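Here the structure comes first, spelled out in structure tokens, and everything after it is commentary.
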Protein chains: 2
Amino acid sequence: MNSQFKKGILELLVLNMLKKSDCYGYEIVNKISITISISEGTIYPLLRRLKTDGYVTTYLSESTEGPPRKYYHLSDKGIIEHDKLKGEWDTFSDGVNILLGEEL
Amino acid sequence: MNSQFKKGILELLVLNMLKKSDCYGYEIVNKISITISISEGTIYPLLRRLKTDGYVTTYLSESTEGPPRKYYHLSDKGIIEHDKLKGEWDTFSDGVNILLGEEL
DNA sequence: TATAGTACCTTGTTAAACAAGATACTGTGT
DNA sequence: ACACAGTATCTTGTTTAACAAGGTACTATA
């Protein structure tokens with residue numbers, strides 16, 4: 001998997017997951033990596049950035065299956081950021097596909 | 001335009017242009033930036049990398065409109081790299097769209 | 001002569017993904 | 001009691017590519 005392709009997109013994918021429901025980090029890693037290979041060393045720092053930027057809030061929740069889980073909840077600011085990023089991704093991927101599809 | 005989104009993709013876009021015909025750097029910048037904003041400071045180093053990696057060869061050609069143009073020609077190795085990157089992009093963008101489209 | 005357009009290049013900065021670790025809790029098998 | 005797998009968190013240092021902001025130099029027009 002080309003690591004460079006993921007730059008910036010993983011943030012959108014995480015925000016998109018959180019828009020549907022609160023999630024914890026390990027869960028996010030596992031769900032996304034079914035489709036796109038990612039590592040914990042990528043997601044945990046990303047989640048920290050999202051919190052620093054005010055896009056998410058966090059809370060701890062006990063688990064019977066291991067250590068406590070840190071859940072992430074999308075803030076109003078995070079929803080705005082999600083929608084903005086989603087629009088940018090659509091514009092960008094359309095642009096790429098136009099350029100790739102242009103005939104000689 | 002989100003700079004992060006472009007990571008790795010610009011290489012594919014340049015290889016894709018060169019697969020159709022030889023081009024010079026300034027031309028590549030102008031054609032791509034109709035659709036996706038890019039700067040010369042990105043493309044010239046990228047072209048240098050492509051040459052270092054053996055994906056392109058170069059030759060100079062006089063111009064009546066300014067200084068000589070450095071044309072880039074895709075090598076066999078470059079064609080292979082193009083096709084590989086194209087496949088990775090298709091897989092990746094499909095994956096992103098699947099994840100973004102998943103229902104709650 | 002000076003400005004705009006063409007065409008090349010470089011340096012230093014920034015940002016994000018990653019590998020490779022560390023820590024610690026729960027549950028299962030021996 | 002002990003080891004191990006699975007769950008769950010985190011950090012440090014490295015790598016890579018895009019970018020801003022410059023510089024150089026040629027042609028053409030005013």
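Predicted model only: the values in this text are computed from it and were never measured. The sequence lines fix the lettering, A, B, ..., with proteins before strands; numbering per chain opens at 1.
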Next on the checklist: Strictly distance-based, threshold 3.5 Å: is any side-chain N or O of A/T91 a donor or acceptor partner for the main-chain N or O of A/G87?
Outcome noted: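 Yes: the side chain of A/T91 pairs with the backbone of A/G87.
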Next on the checklist: Could you check whether any side-chain N or O of B/N30 sits under 3.5 Å from a backbone N or O of B/Y26, counting only pairs where one atom can act as donor and the other as acceptor?
Outcome noted: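 Indeed, once roles are kept as given, a pair shorter than 3.5 Å links the two residues.
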Among the nucleotides [options], which one has an atom lying closest to any side-chain atom of [X]?
X     : options                : value
A/R49 : C/dA16, C/dC18, C/dC8  : C/dA16
A/K6  : C/dA17, C/dT6, D/dA18  : C/dA17
B/L10 : D/dA25, D/dC19, D/dA8  : D/dC19
A/Y44 : C/dA16, D/dC10, C/dT10 : D/dC10
B/L46 : C/dT6, D/dA18, D/dA8   : D/dA18
B/K7  : D/dA20, D/dT9, D/dA17  : D/dA17
A/T42 : D/dA8, C/dC8, C/dA17   : C/dA17
B/E40 : D/dT16, C/dC25, C/dC9  : C/dC9

Interatomic distance, [X] [atom1] vs [N] [atom2] [rounded to whole Å]:
X     : N      : atom1 : atom2 : answer
A/Y71 : D/dA8  : OH    : C1'   : 11 Å
B/D53 : D/dA17 : CG    : C1'   : 13 Å
A/F5  : C/dC18 : CZ    : P     : 13 Å
A/R69 : D/dT9  : CZ    : C1'   : 12 Å
B/I32 : D/dC19 : CD1   : P     : 11 Å
B/I43 : D/dC19 : CD1   : P     : 8 Å
A/I36 : C/dA16 : CD1   : P     : 17 Å
B/N2  : C/dA15 : CG    : P     : 12 Å

Next on the checklist: On DNA chain D, does the nearest nucleotide to B/G66 precede the nearest nucleotide to A/G41 from the 5' side, or the other way round? Give the residue.
Outcome noted: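 Here A/G41 is the residue nearer the 5' end.
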Next on the checklist: Can you tell me how the ring of B/Y71 sits relative to the ring of B/Y59, calling it parallel under 30°, perpendicular over 60° and tilted otherwise?
Outcome noted: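 Answer is parallel, since the angle falls under 30°.
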Checklist entry - If you measure from CG on A/D22 to OG1 on A/T57, what distance do you get to the nearest 0.5 Å? => result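 Taking CG in A/D22 and OG1 in A/T57, the distance rounds to 7.5 Å.
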Checklist entry - How long is the gap from NZ on A/K6 to NZ on B/K7, to the nearest 0.5 Å? => result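 Output value for this atom pair is 14.5 Å.
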Presence of [X] side-chain N/O under 4.0 Å of [N] phosphate oxygens OP1/OP2:
X     : N      : value
B/T64 : D/dT27 : no
B/R48 : C/dT10 : yes
B/Y24 : C/dC8  : no
B/Y26 : C/dT6  : yes

Checklist entry - Base, sugar-phosphate alone, or nothing: which one does B/G25 contact when heavy atoms must sit under 4.0 Å apart? => result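 Contact class for B/G25: sugar-phosphate only.
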Checklist entry - Got a donor-acceptor pair under 3.5 Å from the side chain of A/E65 to the base of C/dC25? => result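 Not at all, since no donor on one side and acceptor on the other fall under 3.5 Å apart.
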